[in-house]
Number of protein chains: 2
Amino acid sequence: MPKDDCNTSGDRLYQMLATLKSHDFRITPQRLAVLKILAASEDHPSVEQIYEKVRVEFPTTSLATIYKIVALLKELNELLELGFPDESNRYDGKKPFPHPHVICTKCKKIMDPELTSFDELKEEIARKTGFRIIHHRLDFFGLCRECQKVE
Amino acid sequence: MPKDDCNTSGDRLYQMLATLKSHDFRITPQRLAVLKILAASEDHPSVEQIYEKVRVEFPTTSLATIYKIVALLKELNELLELGFPDESNRYDGKKPFPHPHVICTKCKKIMDPELTSFDELKEEIARKTGFRIIHHRLDFFGLCRECQKVE
DNA sequence: TCTTAAAGGAGAATGGTTCTCTATAAAGAA
DNA sequence: TTCTTTATAGAGAACCATTCTCCTTTAAGA
Ligand SMILES: [Mn+2]
Ligand SMILES: [Mn+2]
Ligand SMILES: [Zn+2]
Ligand SMILES: [Zn+2]
């Protein structure tokens, strides 16, 4: 199975928990809540959005705690961060490795497109620049189907 | 001539001046200095770097002025902005349209690679997602040749 | 020159993120 | 189950690249 196939959210939750445990990090209610949200999110939520969802179950949770958990998961390579200079960062807990994104500039939706012709591009880059490529970032900005309808 | 061929810095300076004039923006010494720097820059300078260069000739220049000029050129599509969430934005005045970049994570050098297999990728995206793609951002992060040598 | 609105200079404000410090509680030991 | 240790949570201050505000200066046409 290719690694970018959509796993069930249960698989991802289990994987993230296993990684935390194997590094002797404690499983706190706040961490578990964030993990569940990330493992189940079809969109690419922001820290603020994760925060609001966690507060439904744990109203006293601090925003700093969410930031800390997100930083930890990022460090453990269990979370992909999409940083944006003008707005909040967005996170992908289902596919924690670099992959292309399609971003609607109007409704801010972020999707994972299926692409076949990307691998040869990566090879061409390494060959022509002499760089040792560590990771990449590929974003297409535009209007999603829904936002094209509204004038 | 394809639009991404490297023009001389004189061509770019003339083009940027023409755009400013055609929109009735005034040609001030500060604007001219920034334009010259952008038209001549082989790297992708930050606002701070542009600021330092301008201050050699005009020591009283304000940082806010550089930000304003950069914003204006961006608005006129004469400057490409590469925003980064953790560090300063970088600018390309020679190729003011979206194009791939190769970024050294150690020395922060940013280069323009030559790529042939990128056009089919763009077509595949539009076809498969239904998005109307307006622009894109493609960055490869890694170590440049020089930074690979140092351990 | 003269006029006037655009542009520059200086510093405050912004806001997402990070840091700091104290209180709390997870997890292993007894 | 209770105890102990120390990682983690909570709260708010600090950070800092960028933007904004307000006043002064000046480019450019008359
Ligand atoms: Mn994704
Ligand atoms: Mn470039
Ligand atoms: Zn949309
Ligand atoms: Zn380098």
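Quick note: numbers below take in every heavy atom, side chains included, and nothing from hydrogens, waters or symmetry partners. Chain letters run A, B, ... following the sequence lines, proteins first, then strands; residues in each count from 1.
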I want to check one thing: is the phosphate of [N], taken as OP1 and OP2, less than 4.0 Å away from some side-chain N or O of [X]?
{"X": "B:Thr60", "N": "C:dG8", "value": "no"}
{"X": "B:Thr65", "N": "C:dG9", "value": "yes"}
{"X": "A:Gln30", "N": "C:dA26", "value": "no"}
{"X": "B:Arg31", "N": "C:dA7", "value": "yes"}
{"X": "B:Asn89", "N": "D:dA17", "value": "no"}

B:Lys68 or B:Ile27, whichever maps to the more 5' nucleotide of DNA chain D: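 It is B:Lys68 whose nearest nucleotide is closer to the 5' end.
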More 5' along DNA chain D: B:Thr28 or A:Thr28, using each one's nearest nucleotide?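 With B:Thr28 and A:Thr28 compared, the 5'-side residue is A:Thr28.
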Could you walk me through whether B:Val70 and B:Ile50 satisfy the side-chain contact (heavy atoms from CB on, under 4.5 Å) test, starting with their C-alpha distance in whole Å, then the side-chain angles of each, then the deciding distance to 0.1 Å, before giving a yes or no? CA-CA 10 Å; B:Val70 159; B:Ile50 299 169; 4.3 Å; yes
Between C:dG9, C:dA5, C:dG16, which nucleotide has the shortest distance from any of its atoms to the side chain of B:Ser62?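 Output: C:dG9.
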Which nucleotide in D:dC20, D:dA17, D:dG10 has an atom nearest any side-chain atom of B:Tyr67: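 The closest nucleotide is D:dA17.
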So with a 6.0 Å cut-off around CZ of A:Phe58, is the heavy-atom count from everything else above 12?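 Yes, CZ of A:Phe58 has more than 12 neighbouring heavy atoms, counting only those of other groups under 6.0 Å.
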Could you tell me whether B:Asp86 contacts a base, only the sugar-phosphate backbone, or nothing, with contacts defined as non-hydrogen atoms closer than 4.0 Å?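 If one applies the 4.0 Å heavy-atom cut-off, B:Asp86 turns out to touch nothing in the nucleic acid.
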Once you round it to whole Å, what is the distance between C1' of C:dT17 and CD of A:Gln49?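 Rounded to whole Å, this separation is 16 Å.
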Just how far, in rounded Å, is P of C:dA26 from CZ of A:Phe25?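 That distance rounds to 17 Å.
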Hey, are A:Glu48 and A:Ser88 close enough side-chain-wise for a donor-acceptor pair under 3.5 Å?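 Short answer, no.
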